[in-house]
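For reference, positions follow the sequence shown, starting with 1.
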Amino acid sequence: MREPGFSALVGRVAAGLAAQRGGLEVVPYDWGAAHGARLAAGGASLPPRSGTTRGPGSDPGDETTTAWAVLYADPYAELASVAAEAGPVVERPPGTVPPQQHIRALLTALAARGDEPGAEAGPGLARAATGLAAHPLLGPAADALDPADLAVVAARSLTARLISDALEADSPLVPVGETRDAVTDRIAEALGAPPRGTERGVRTWLLRTAGAAASRAVERRRRALTEAAHPAAGDILRYLSRGAAFRAGLCALVAGLEPPVAVVGHSLGGIIALDTLISAPLPQVGLLVTAGSQGPFLYESGSLPSLEHPEPLPPHVPAWLNLYDPRDLLGHLGAELFPGRVTDVPVDSGQPFPAAHSAYWTNPAVYRHIVDHLP
């Protein structure tokens with residue numbers, strides 16, 4: 001946490017503790033300002049903005065990539081967009097075959113061919129085609145599009161499903177965009193689309209909601225994760241490679257305090273606190289509190305700088321209260337790794353991840369648990 005958020009956080013923690021017990025002094029350790037990551041060359045390691053080498057305006061290729069990212073997250077996203085724009089159902093003359101019946105027959109025939117037509121994108125085409133044929137969005141989409149366009153939308157959905165499954169399985173063989181597009185064309189033609197033309201592509205529907213604006217948002221997020229404005233990733237890497245200054249700063253701060261002291265750390269702050277207390281005895285400290293901590297995970301994976309698994313916690317490490325939200329994917333457990341030395345306590349913010357990782361300090365239960373364990 002960096003300013004201006006750091007001061008606000010300290011104030012909130014002080015108020016939360018005061019509501020549980022008066023007379024407690026909160027002494028902040030702003031390790032980020034003193035030792036945190038900085039882009040020393042002003043961001044020279046970051047790739048240039050999309051389209052900057054091609055003149056003004058956004059890069060259509062980048063927009064298409066962003067649109068596919070939406071489909072990987074939800075292969076039915078484009079179908080939903082199409083279905084939402086469908087008009088009222090029109091009564092058809094007797095004997096007319098509904099459009100959805102035609103596309104479902106084609107999907108069934110495609111499924112009968114097995115996975116081969118989409119093999120370059122990964123296994124599972126037959127299963128995906130069967131699932132799409134039964135999907136409730138297919139009917140409204142069939143009413144909204146002509147058969148050729150519907151075939152393309154359905155093909156993109158199927159290809160996205162294959163790649164989404166590959167990503168979920170952590171496959172190292174995700175196809176490049178050119179191969180993905182070739183698979184999509186092959187499936188689209190099997191579903192009744194004409195050969196690919198110059199205007200046919202993912203931009204047809206999906207980029208109404210996932211175009212240049214979404215692409216720029218992704219780019220801004222990448223820079224925000226690495227620039228000094230919010231250098232979380234850089235801080236973690238810097239600490240793990242050059243953490244001595246972080247630990248020395250905390251030791252110096254604690255050395256000037258009257259006991260009993262409780263050291264409270266959130267996320268990376270908890271790693272720094274744990275590492276510091278393992279590395280050197282600090283007799284003033286009677287309690288370590290971590291919230292949303294990755295310390296136990298780093299220890300178990302052999303990545304905690306001060307202690308290698310399966311070495312036990314040194315005797316001089318104080319009592320350890322480890323608070324975690326079950327929905328916080330960055331919060332880990334320590335009691336089983338350090339039997340009798342760690343108390344794991346769940347706290348529920350009612351938030352999904354990643355919001356759960358930042359909701360500890362607005363949760364009154366956190367302060368109650370801390371005060372209950374103070375020396």
Problem - Spacing of CG belonging to L277 relative to SG belonging to C251, to within rounding of 0.5 Å - result: 8.0 Å
Handout entry: R242 CZ: over 12 foreign heavy atoms closer than 6.0 Å
Key = no
Exercise for the section: Report the hydrophobic cluster partners of F353, with the cluster defined as I, L, V, M, F, W, Y residues connected by side-chain heavy atoms closer than 4.5 angstrom, directly or transitively. Expected result: L329, L330
Completion exercise
Sorted by chain and number, sequence neighbours left out, side chain to side chain contact (heavy atoms under 4.5 Å, CB included) with T130 holds for A111
Problem - Salt bridge present between D372 and R368 (N-O < 4.0 angstrom) - result: no
Completion exercise
Residue pairs passing the ring pair (Phe, Tyr, Trp, His ring centres under 6.0 Å) test with at least one member in residues 274-297, sequence neighbours excluded, are F297-H332
Problem - Atom pair CZ/CD1 of R247 and I278 - distance to nearest 0.5 Å - result: 10.0 Å
Handout entry: Of all pairs that satisfy ring pair (Phe, Tyr, Trp, His ring centres under 6.0 Å), the ones with a partner from residues 154-192, not counting sequence neighbours
Key = none
Practice task
Using the ring pair (Phe, Tyr, Trp, His ring centres under 6.0 Å) rule, collect all pairs that involve residues 168-187, keeping only residues at least two apart or in two chains.
Solution key: none
Problem - Under the salt bridge (charged side-chain N to carboxylate O under 4.0 Å, His left out) test, residues paired with E120 that sit two or more places apart - result: R186
Problem - Pairs where residues 133-189 contributes a residue and the test ring pair (Phe, Tyr, Trp, His ring centres under 6.0 Å) is met, not counting sequence neighbours - result: Y76-H135
Practice task
Could you pull out all residues at least two apart from S7 that satisfy side-chain hydrogen bond (donor to acceptor under 3.5 Å, both in side chains)?
Solution key: E3
Handout entry: L137 CG to Q100 CD distance, which is reported to the nearest 0.5 Å
Key = 11.5 Å
Completion exercise
Residues Y299 and P312: closest non-hydrogen pair is OH-N, 4.5 Å
Exercise for the section: Hey, could you give me each pair passing side chain to side chain donor-acceptor pair (under 3.5 Å) that has a residue in residues 267-287? Not counting sequence neighbours. Expected result: Y239-D275, S267-Q294, S267-H357, D275-S306
Handout entry: Qualifying residues under salt bridge (charged side-chain N to carboxylate O under 4.0 Å, His left out), relative to D115, sequence neighbours excluded
Key = none
Exercise for the section: Indicate the atoms forming the closest heavy-atom contact of D146 with D149, along with that distance. Expected result: OD1-N, 2.9 Å
Problem - Counterpart residues, side-chain hydrogen bond (donor to acceptor under 3.5 Å, both in side chains), relative to D348 (two or more places apart) - result: R327
Exercise for the section: Determine which pairs satisfy side chain to side chain donor-acceptor pair (under 3.5 Å) with at least one residue from residues 309-319, sequence neighbours left out, and list them in order. Expected result: none
Fill in the blank from the handout: Rounded to the nearest 0.5 Å, the CD1 atom of I103 sits from the CG atom of L150 at a distance of 4.5 Å
Practice task
Measure the CD1-OG distance between I236 and S303 for me, rounded to the nearest 0.5 Å.
Solution key: 12.0 Å
Handout entry: Euclidean distance, L107 CG relative to L125 CG, rounded to 0.5 Å
Key = 9.5 Å
